[in-house]
Undergrad: 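Quick one: the structure is below, and I'll ask about it shortly.
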Amino acid sequence: MSIIQAEHIMLNDPAHTRVNFESQYDHGSAFISGTYVDLDHAAIPMSDLGFMQADACYDVVSVSKGFLFRLDDHLERFETACSKFRLTNPYSKEETTEILTNLIKMAGTKEAYVWWAVTRGDMPEGKGRIDPNAYVNRFYAFVVPYLFIANDQQRTQGIDLMVSKEFIRIPPESVDPTAKNFHWMDLKLALFEASDNKYDWSVLCDADGYLTEAPGSNIFLIKDGVLFTPDSGCLEGITRKTTLDLADELGITARVEKVNVNQLFDADEAFLTSTAGGIMPINSVDQKLLGGEAGPGEITTTLHNLYWTKRWAGWKGTPVDFTTQE
Ligand SMILES: Cc1ncc(COP(=O)(O)O)c(C=O)c1O
C-alpha cells in the first residue's frame, strides 16, 4: 500500500479546489473587532496582550473537500482552554461557528486552515490589571488555504526526526499544554535546532526523558503492533484522538501512557499527528531508521490513508454550503 497523495488531490481534484471568491481574499479572510476583512488588511492593535505577552488561547480546525472536521471537538477544547486561562470568548459556540463558516465561504476554500483566538485584550487602567474581570477579551480569526506540516513527498518518504538536545517542553506546571497556547519558543527553537542539524522536524522530551510533543503535532510510536502515545505534557490533539478512534476501528491496541524516548529509538514505526497535515510518517529518529528500513511502516500507511478516505466521505464532518455567499 502506498501513501495517498493528499496534497496533490487537494490542489487538483475539482471536488477539492477553491470555488468562486473575490480576488481580495486570495491570501485568505479574517475577522477582527467584529469586522470581516481580507487577510492582507487584517491588523491587530499593538497594545493587545495576546501580542505583547502571549496572553491568549487559540484553536485550529481544518476543512477538507468542503467538510469542517470535528468542529464540535475543537469548539469544546477551545472553551476549556479559555476557562483554564480565565479568558472569555465574547462569542457563543454558535456565533463562533457562524464567523468561521462565513470566513471559509469568503475565501472559497474547500481545503482550509481555520484559526481563531481569544486574547486578554488591552491592559486595564491602574490596579485593575490583577483582576481578570477588568479586561475586555478580544476574538480574532482567519482562514487560509490548507497548510501541510509535511507535504506529499515528505509523507511518502517519512520525516527525518531529531530529538531536541537543547530544549525540553515547557512543563505543565508552568503552562498547561492541554490549553492550546502561544508559548511556542521552545517548540520554535527546537525546529531551528533540527534545521541546523539537517533534520526535517524535532520532538521534545520532558525533564525526565519522556516524550511530550513536537512543534504543532503529537507523536505516536508502534512496537510489536501496539500503538503508544504520551498521556501528558502535550496538547490533547484532535488528530491524536482521531488516530485513537481509527486504531480502535482497525482493532489495533493503543496505550496512552508515559513513553520514554528510548522506546522511540526502538520503535518499529512512528508518526506525528496534526490538524495541519493529518498523520505524518516518520522515517528515522536521530538518523536511526525505524523498523530497519526506509519509508513509512505498514500500520502508519493504513492509518494515514484511512484518515483521508474517511474525512473525504464526510466522517465527523460539518459541510460548508458554498452556494450561499456572504
Ligand atoms: C503544541 C501542539 N501539539 C499538538 C498539536 C496537534 O493538535 P491537533 O491534532 O488538534 O491539531 C498542535 C496543533 O497545532 C500543537 O500546536
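Indexing begins at 1, ligand by ligand and atom by atom, following the structure's order.
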Undergrad: Before accepting this row, confirm whether a basic side-chain N of the pair D122/R138 lies closer than 4.0 Å to the acidic partner's carboxylate O.
TA: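 Answer for the salt bridge query: yes.
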
Undergrad: For ligand 1, is any non-hydrogen atom under 4.0 Å from C234's backbone (N, CA, C, O), its side chain (CB onward), both, or neither?
TA: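 It is neither; nothing of C234 touches ligand 1.
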
Undergrad: Can you name the atoms of ligand 1, numbered from 1 with element, that are less than 4.0 Å from a heavy atom of G237?
TA: 7 (O), 8 (P), 9 (O), 10 (O)

Undergrad: Could you tell me whether ligand 1 has any atom less than 4.0 Å away from a heavy atom of V60?
TA: no

Undergrad: Any N or O on R240 sitting closer than 3.5 Å to an N or O of ligand 1?
TA: no

Undergrad: When you check the gap from the basic side-chain N to the acidic O, do D13 and K110 get nearer than 4.0 Å?
TA: no

Undergrad: Is there at least one pair of N or O atoms, one from R77 and one from ligand 1, spaced under 3.5 Å apart?
TA: yes

Undergrad: How about F67 and F69: are their ring centroids closer than 6.0 Å?
TA: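 Not under 6.0 Å, so no.
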
Undergrad: Are R77 and E236 within salt-bridge range, i.e. N to O under 4.0 Å?
TA: no

Undergrad: Indicate yes or no: does K310 engage D245 in a salt bridge with an N to O separation below 4.0 Å.
TA: no

Undergrad: For ligand 1, which atoms, with element, lie under 4.0 Å from some heavy atom of E213?
TA: 1 (C), 2 (C), 3 (N), 4 (C)

Undergrad: Do any N/O atoms on I238 end up under 3.5 angstrom from N/O atoms on ligand 1?
TA: yes

Undergrad: Under 3.5 Å between any N/O of T273 and any N/O of ligand 1: does that happen in this structure?
TA: no

Undergrad: Can you check whether E166's main-chain N or O pairs, donor with acceptor, with E193's side chain at less than 3.5 Å?
TA: yes

Undergrad: Could you tell me whether the side chain of D40 and the main chain of D38 form a donor-acceptor pair under 3.5 Å?
TA: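 Absent.
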
Undergrad: Using a 4.0 Å heavy-atom cut-off, which part of W184 comes near ligand 1: side chain, backbone, both, or neither?
TA: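 Under 4.0 Å from ligand 1, W184 contributes side-chain atoms alone.
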
Undergrad: What are the atoms of ligand 1, with element, lying closer than 4.0 Å to any heavy atom of T275?
TA: 8 (P), 9 (O), 10 (O), 11 (O)

Undergrad: Please could you name the atoms of ligand 1 that K180 approaches to less than 4.0 Å, counting only its heavy atoms?
TA: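 Answer for ligand 1: 12 (C), 13 (C), 14 (O), 15 (C), 16 (O).
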
Undergrad: Check F139, F78, W116, F182 against Y58 for a ring pair (Phe, Tyr, Trp, His ring centres under 6.0 Å) and give me the one that passes.
TA: F182

Undergrad: Would you say ligand 1 has an N or O under 3.5 Å from any N or O of H74?
TA: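 Between H74 and ligand 1 (N or O atoms, distance only) the closest approach is not under 3.5 Å.
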
Undergrad: Which is closest to atom 5 (C) of ligand 1 by heavy-atom distance: S62, A276, G216?
TA: G216

Undergrad: Identify the closest protein heavy atom to atom 9 (O) of ligand 1: which residue and atom is it, and at what distance?
TA: T239 OG1, 2.6 Å

Undergrad: Let me see the working for E79 and N89 under side-chain contact (heavy atoms from CB on, under 4.5 Å), right down to the final yes or no.
TA: CA-CA 8 Å; E79 195 170 276; N89 184 353; over 6 Å; no

